[in-house]
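Owing to the predicted nature of the structure, the values given are computational and were not obtained by experimental measurement.
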Amino acid sequence: VQEAVLEFPFAESMPASSDPAIMEEVSAMQQIWQDQGGLVPQAALKEIFGVSQQSANAYPKRYNLRRWEFFNKQWLSMNEVKALHGIKRPSGYAGHSTAAMVRDCLSDARKD
């Protein structure tokens, strides 16, 4: 499976800001980005998992994914999204027990 890499060339042309609130948010986002192997915008879940928007919106709560808000957008841990993507998630009733198992595994992994 080949991973897609998204470039953000516009970021280089953005003016630097000396606004302490913006710089504080950028700094916090960078730290979490490094700790989590990157961040995924929650809006991308629909495309990543090939599910409806309604299902995608339920994923963070259903699978107990950590969320952060930066610049008025919700972001998720890249490590957790990759781990979840690698697990077969059956639909219907069987999907409920799988969701519980995944939640427990992710919660347990964070304790170490």
Measuring only between side-chain heavy atoms, which start at C-beta, is [X] closer than 4.5 Å to [Y]?
{"X": "Ser77", "Y": "Trp68", "result": "yes"}
{"X": "Leu45", "Y": "Val51", "result": "no"}
{"X": "Phe70", "Y": "Val26", "result": "no"}
{"X": "Tyr59", "Y": "Val81", "result": "no"}

Interatomic distance, [X] atom [atom1] to [Y] atom [atom2] [nearest 0.5 angstrom]:
{"X": "Gln74", "Y": "Leu39", "atom1": "CD", "atom2": "CG", "answer": "11.5 Å"}
{"X": "Leu76", "Y": "Ile48", "atom1": "CG", "atom2": "CD1", "answer": "8.5 Å"}
{"X": "Arg66", "Y": "Gln36", "atom1": "CZ", "atom2": "CD", "answer": "4.0 Å"}
{"X": "Gln30", "Y": "Gln34", "atom1": "CD", "atom2": "CD", "answer": "7.0 Å"}

Taking every heavy atom of Val40 against every heavy atom of Met78, the minimum-distance pair comes out as CG2-SD, 3.6 Å
Hits for side chain to side chain contact (heavy atoms under 4.5 Å, CB included) against Asn57, two or more places apart or cross-chain, chain-then-number order -> Gln42, Gln53
With sequence neighbours left out, the residues meeting side chain to side chain contact (heavy atoms under 4.5 Å, CB included) with Lys73 are Trp75
